[in-house]
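Input: one structure, supplied below.
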2 protein chains.
Amino acid sequence: MAGVSVATVSKYVNGTQRFSPPVEAKLKDAIESLGYRSNPLARSMITGRTRTIGIAILDITNPHFTKVVKGANRVALQHDYTLLLVDAEENLSRERSLIEALAPRVDGLIVSSRASEEIAKWTLKLDKPVVMLRTVRGLDIPTVGFDNRLATYMLVRHLLNLGHRKIAYLGFDAATINDERIAGAREALAEAGLTLDVHETHAPTAQAGEEACSRVLLGPNRPQAVICYNDLIALGFMKEAKSLGFRLPQDVSVAGIDNVPYGEYVEPRLTTIDGQGERMGELAMQKLIDVLAGRPDVEQVVLEPRLVVRDSTVACR
Amino acid sequence: MAGVSVATVSKYVNGTQRFSPPVEAKLKDAIESLGYRSNPLARSMITGRTRTIGIAILDITNPHFTKVVKGANRVALQHDYTLLLVDAEENLSRERSLIEALAPRVDGLIVSSRASEEIAKWTLKLDKPVVMLRTVRGLDIPTVGFDNRLATYMLVRHLLNLGHRKIAYLGFDAATINDERIAGAREALAEAGLTLDVHETHAPTAQAGEEACSRVLLGPNRPQAVICYNDLIALGFMKEAKSLGFRLPQDVSVAGIDNVPYGEYVEPRLTTIDGQGERMGELAMQKLIDVLAGRPDVEQVVLEPRLVVRDSTVACR
DNA sequence: TTGAAAGCGCTAACAG
DNA sequence: CTGTTAGCGCTTTCAA
């Protein structure tokens, strides 16, 4: 319609080359009146680039992951990338096939998995750049992790400073980072000659926290303070504790990890460790984009915890 | 490698045709040892199908939208579709270009927008099936909406039954559904010969609810009960009200809409209207898949509100 | 039961 | 400055 070859159209549309004013004018008119839009699929097939990043997470319903997605999306948008979201719904067996199906349709992957080490290995065969949202040792891939050990270490120190001696941990044992969190808490307690009382839940959710509460508080050896695997568990735990007649925080101090927005709105306001979800997402996406732009990066970033003291932890009476 | 033509491979991989046992065996071996995976891009180019659904929402951080995505993802997974997520970050000007960029890479779209009517019109030109997450009048497109008018009507009736007479509404005026919610509340109040005191926030967030609180409670004509545009605003409102020295729910009843999970964990537990986010996502995705499977559908589903009475609304003293 | 060949819509060399 | 041409990796008639 513009009386030029397809090659000219291609170059014009992509801004690869400039043309004489009359030609450009005709091109512009034709494109406009035809409502022409280049087919990104055909484009991708030849360039090998999709301008899409896959992000695989365990549960979008968890505000921590929501924040990660938010952060990743923000920098993706800035660089004109789109997010292909895979929510494995906490279903680990499905995870691998989902990611494998995802890989060929994207330029790179951000993966937050429970089985990171294992996944990290086979993702390398996918032949796509991957950023893991979890520190992985011994592999040359970029990661954005979090110092889980330090997080609980700090939490315990905080509680020790408040005079607590009997400290329990309510974990989620299906998570690999659970061990790191236990280790950090144990380390801090050991320095004070104390031990950690460990309990587990079956899911990283408020519901699970509720269900575990009575087991922790009404069992033998009632703790003065409880550190939860994450804020959601803490939220559920606190709710149930109140139902059971405990006064919070006087009867038992509670702390979580992640700093989800809702910790501020419950009573007592939840003391927590900021997990920097958005920052994780942003950094991970930035790394991926760097790699895709030919700036190789195998750096293993470890985000540092920050204690957010609110009202759910008080001096032991 | 299997000594057959590409056509044979194609048919075998897609299960379009069966072959003689020896050939199939060779095919199987070759595919396995090569680790061959068909290129979905090339496939999509010829079939015109991407097995991807685009979902455009305003803010993944809002638990209501999170639920929608969750629901949509669940049925997408069941039907072997993937989600391409677009989070407009409440930025309406960006929304259109984002959706236009999204359209050619997906088989269909689920759109939750502030400017639904307008969007609905130009999405038709995208030449892709669209499901709007909002009732749109006068257009033959499938929608999954929510009876916003009835929602606030029910909430007001509930409050009237509790003896409240001075009822305020704390809205979010940038949302088109805000008007419907106001109308429903007004209708119920008018039947009792009462009027609605309307206030507005600048965002559908807890933060905005906090900021608006003093304006509502410390201004002239202090309400006995406040209905908020959504649960997040209600959460923020309640927190600030307590900071201001009000006892909840005795001094003021508060209700929200959406039934986000966290309404259960605050004190008093938030009375709300269930917005059925997951169900919306599921239905929308199901409709889209139906359309894509050649079962046309222009039905306009309207989900019915359900009142969830908890502790934040009590009899007016 | 299998294969040859024609494209899908585009980009990237290379020519002119 | 503009066009020709050769594919990208696949599916799909159609013929053998």
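In what follows, every chain begins at residue 1, and chains take the letters A, B, ... in the order their sequences are listed.
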- Query: How are the rings of A:Phe19 and A:Tyr12 set to each other: parallel, tilted or perpendicular (split at 30° and 60°)?
  - Reply: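 Rings of A:Phe19 and A:Tyr12: tilted, 30 to 60°.
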
So, B:Asn148 side chain and B:Phe146 main chain: donor-acceptor pair closer than 3.5 Å or not?
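It does hold such a pair.
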
Is a salt bridge present between A:Arg114 and A:Glu95, judged by a nitrogen-to-oxygen distance below 4.0 Å?
->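 Salt bridge: no.
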
Knowing that exactly one of B:Val69, B:Ile53, B:Leu102 qualifies, which makes a side-chain contact (heavy atoms from CB on, under 4.5 Å) with B:Leu85?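 Option passing the side-chain contact (heavy atoms from CB on, under 4.5 Å) with B:Leu85: B:Val69.
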
**Asked** Quick one: does B:Arg51's side chain get under 4.5 Å of B:Thr82's, heavy atoms only?
**Response**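 Not touching, per the 4.5 Å side-chain cut-off.
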
- Task: State plainly whether the residues A:Asp107 and A:Lys128 are in salt-bridge range, i.e. N to O under 4.0 Å.
- Result: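 Result for this pair is no, no salt bridge flagged.
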
Counting primed atoms, P, OP1 and OP2 as sugar-phosphate and everything else as base, the B/S/- map of nucleotides 11-16 of chain D against protein heavy atoms under 4.0 Å is BBB---

| Side chains of B:Leu27 and B:Val9: does their closest heavy-atom pair fall under 4.5 Å? |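 Touching, per the 4.5 Å side-chain cut-off.
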
Between B:Tyr36 and B:Val13, is there a side-chain heavy-atom distance shorter than 4.5 Å?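 Answer yes - side chains close enough.
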
Q) Side-chain contact, heavy-atom cut-off 4.5 Å: B:Lys67 with B:Arg279? A)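 No, side chains not in contact.
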
Do any of residues 100-108 of chain B sit with a heavy atom less than 4.0 Å from DNA chain D, and if so which?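 Nucleic-acid contacts, sorted: none.
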
task: Using the side chain to side chain donor-acceptor pair (under 3.5 Å) rule, take A:Thr176 and A:Arg134 through it: C-alpha gap first, then chi angles, then the decisive distance, then the call.
output: CA-CA 10 Å; A:Thr176 46; A:Arg134 160 118 174 59; 3.2 Å; yes

Original post:
Atom CG of B:Asn39 and atom C1' of D:dG7: how far apart are they, to the nearest Å?
Top reply: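 The answer, rounded to whole Å, is 14 Å.
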
field: First and last nucleotide of DNA chain C, 5' to 3', lying under 4.0 Å from heavy atoms of chain A
entry: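 So the contact region on DNA chain C extends C:dG9 to C:dA13.
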
